[in-house]
Number of protein chains: 2
Amino acid sequence: MLSFTEENYLKAIYKIYEKEKDVASTNAIAERMSTTAASVTDMMKKLAAKNLVIYEKYKGTRLSPTGHQIATTLIRKHRLWETFLVEKLDFSWEEVHIIAEQLEHIDSDKLIERLDDYLDRPKYDPHGDPIPNAEGKYTLREQIALNQLYKGDKGVLIGVKNHDDQFLSYLNDLKIGLGTKLEIIDKVMYDKSIKVKIDDQGPVLLTEKVSRNLFLKKTNQN
Amino acid sequence: MLSFTEENYLKAIYKIYEKEKDVASTNAIAERMSTTAASVTDMMKKLAAKNLVIYEKYKGTRLSPTGHQIATTLIRKHRLWETFLVEKLDFSWEEVHIIAEQLEHIDSDKLIERLDDYLDRPKYDPHGDPIPNAEGKYTLREQIALNQLYKGDKGVLIGVKNHDDQFLSYLNDLKIGLGTKLEIIDKVMYDKSIKVKIDDQGPVLLTEKVSRNLFLKKTNQN
DNA sequence: AAATGAATTTTGATTAGCCTAAAAATTCTC
DNA sequence: GAGAATTTTTAGGCTAATCAAAATTCATTT
Ligand SMILES: [Mn+2]
Ligand SMILES: [Mn+2]
Ligand SMILES: [Mn+2]
Ligand SMILES: [Mn+2]
């Protein structure tokens with residue numbers, strides 16, 4: 001049985017090398033866990049002793065197959081709970097992450113599977129992130145960030161990169177959510193801001209910072 | 001913010017003086033928590049320093065108003081989660097307690113209230129135990145243990161005293177659950193066992209040990 | 001009111017998780 | 001490839017939660 005903390009470390013390592021990297025540096029882990037490199041070193045030794053990570057002094061840490069499986073299950077639980085909170089308890093997408101951070105540690109295989117059934121085996125969570133199945137497999141969708149599109153392009157929002165409360169609330173204000181249709185009316189070259197039509201409403205200007213964080217499925221040909 | 005452990009201590013104290021007692025002895029708490037008296041003493045000092053309990057050396061411990069409120073909320077969360085697991089995820093009543101022991105520590109007021117709504121503000125959990133409302137109030141029903149009834153008496157099962165997996169599974173085998181109608185066909189004076197008719201099935205013999213643990217609402221006059 | 005036995009508290013240790021500061025290893029720069 | 005800068009590890013220490021064993025207090029019986 002792993003502690004809450006150990007589980008969070010495994011998830012941190014997973015997240016780090018989900019982003020291209022094939023090894024998680026001590027400092028990167030420390031940053032993600034909001035702790036010190038010294039604490040990370042201690043924990044890596046402990047997790048290595050339990051065969052959950054492969055840790056090499058000064059070289060960094062990778063997940064062992066077991067560690068990888070545990071991390072994937074945590075992601076699965078996290079995303080299923082987020083889906084439950086939004087779909088069944090009517091929470092808004094910016095509220096659920098913080099609660100799911102707790103719920104993901106509940107230990108019961110049967111509970112996860114029942115929850116998955118109850119939600120009709122969802123493939124994506126309220127932020128558009130893929131939910132691994134019981135075997136840890138998930139399929140990525142083709143998606144493109146809004147700032148990569150051109151004038152005249154159309155698409156549907158299928159995910160967000162940034163999950164911050166603030167960012168998501170801003171999207172709520174703009175009436176932008178998963179499934180929202182967006183059409184690029186104009187791009188301002190000077191600051192890369194983008195004028196878009198949102199569903200069937202009047203056009204709105206989005207900064208480049210915002211547009212980089214919106215993932216679309218293109219719906220026009222080009 | 002309280003630790004998982006601190007919360008469990010508060011709940012243990014609550015449970016102890018739910019059973020008549022007006023003060024929880026160090027040993028009683030130690031037994032409930034499966035720990036030593038020494039550990040309990042340490043924790044009582046800590047909880048007293050946080051004004052969650054009133055602890056007097058050698059005299060025992062009581063809950064402060066704050067401590068009582070926290071304990072009641074824990075019970076509320078525990079019973080709501082148990083209800084969720086049975087009503088929505090189709091768990092059986094003997095499976096839910098162990099999972100609810102984890103879920104009760106999830107910290108989110110909004111989550112509890114949403115869950116309560118979602119379940120249609122249930123008044124009783126899957127074992128027939130009352131669920132405190134948001135103000136910590138609950139109403140006890142009039143109930144009588146099966147072993148207190150007489151030949152010819154009829155009733156409906158509305159609660160169980162013992163919550164053990166084993167006991168509940170035995171009731172499942174007998175097709176006895178909350179809502180089951182029971183009628184006393186005969187009482188054996190020698191060993192106090194009771195012959196009952198279960199719903200509309202043939203009669204079954206229950207030992208006194210079993211009958212003491214079944215709470216009924218009487219449905220005949222007498 | 002002393003003696004005895006039970007309950008409770010104190011004492012001294014241990015483990016997990018964390019930290020700061022110092023030391024060591026690695027990587028970068030010229 | 002030597003020295004500087006950065007990263008990582010080690011050393012030493014702290015707190016929360018736990019325990020076993022010793023000491024103390026309380027309750028009961030004579
Ligand atoms: Mn999340
Ligand atoms: Mn998510
Ligand atoms: Mn229970
Ligand atoms: Mn219950």
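Just so it is clear: chains get the letters A, B, ... in the order the sequence lines come, proteins before strands, and each one is counted from 1.
- As rounded to whole Å, 13 Å separates atom C1' of C:dT26 from atom NZ of A:K57.
- The side chain of A:K45 lies closest to D:dT10, out of C:dT8, D:dT10, D:dT9.
- In this structure, A:R141 is positioned above the aromatic face of A:Y124, its NZ or CZ under 6.0 Å from the six-membered ring centre and within 45° of the axis.
- Using a 4.0 Å heavy-atom distance criterion, A:S39 is classed as a base contact.
- Distance CG (A:N27) to P (D:dT8): 4 Å, rounded to an integer number of Å.
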| task | Please report the C-alpha distance between A:S3 and A:E7 in whole Å, then the side-chain angles of each, then the deciding distance to 0.1 Å, and finally whether the side chain to side chain donor-acceptor pair (under 3.5 Å) criterion is met. | result | CA-CA 6 Å; A:S3 72; A:E7 288 193 342; over 6 Å; no
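- Straight-line distance from the NZ atom of A:K59 to the C1' atom of D:dT9: 14 Å, rounded to whole Å.
- Among the heavy atoms of the strands, none lies under 4.0 Å from B:F4.
- The CE atom of A:M1 sits 15 Å away from the P atom of C:dA16 (whole-angstrom rounding).
- A cation-pi arrangement is absent between A:R62 and A:Y17 under the rule of less than 6.0 angstrom and at most 45 degrees off the ring axis.
- The nucleotide whose nearest atom lies closest to any side-chain atom of B:T26 is, among C:dT8, D:dT10, C:dT10, C:dT8.
- Across the protein-nucleic acid pair, A:L2 atom CG and C:dA16 atom P stand 13 Å apart, rounded to whole Å.
- Among D:dT18, C:dT8, D:dT9, the nucleotide with an atom closest to any side-chain atom of B:S25 is C:dT8.
- The two residues A:A71 and A:L63 come nearest to each other via the heavy atoms CB-CD1, 4.1 Å.
- Comparing D:dT18, D:dT24, C:dA24 by their nearest atom to the side chain of A:Y58 picks out C:dA24.
- If you check every strand for non-hydrogen atoms under 4.0 Å, A:T41 touches a base.
- For A:K88 and A:Y118, the positive end sits near the middle of the six-membered ring, less than 6.0 Å away and at most 45° from its axis.
- Rounding to whole angstrom units, OH of residue A:Y9 and C1' of C:dC18 are separated by 8 Å.
- Between the CD1 atom of A:I29 and the P atom of D:dT7 there is a distance of 14 Å, given to the nearest Å.
- A:T36 comes within 4.0 angstrom of a base, heavy atoms only.
- Atom CG of A:D42 is separated from atom P of D:dT10 by 9 Å (rounded to the nearest Å).
- The side chain of B:A38 has D:dA21 as its nearest neighbour among C:dT20, C:dT8, D:dA21.
- When distances are taken from the side chain of B:M43 to each of D:dT9, C:dT10, D:dT18, the shortest belongs to D:dT18.
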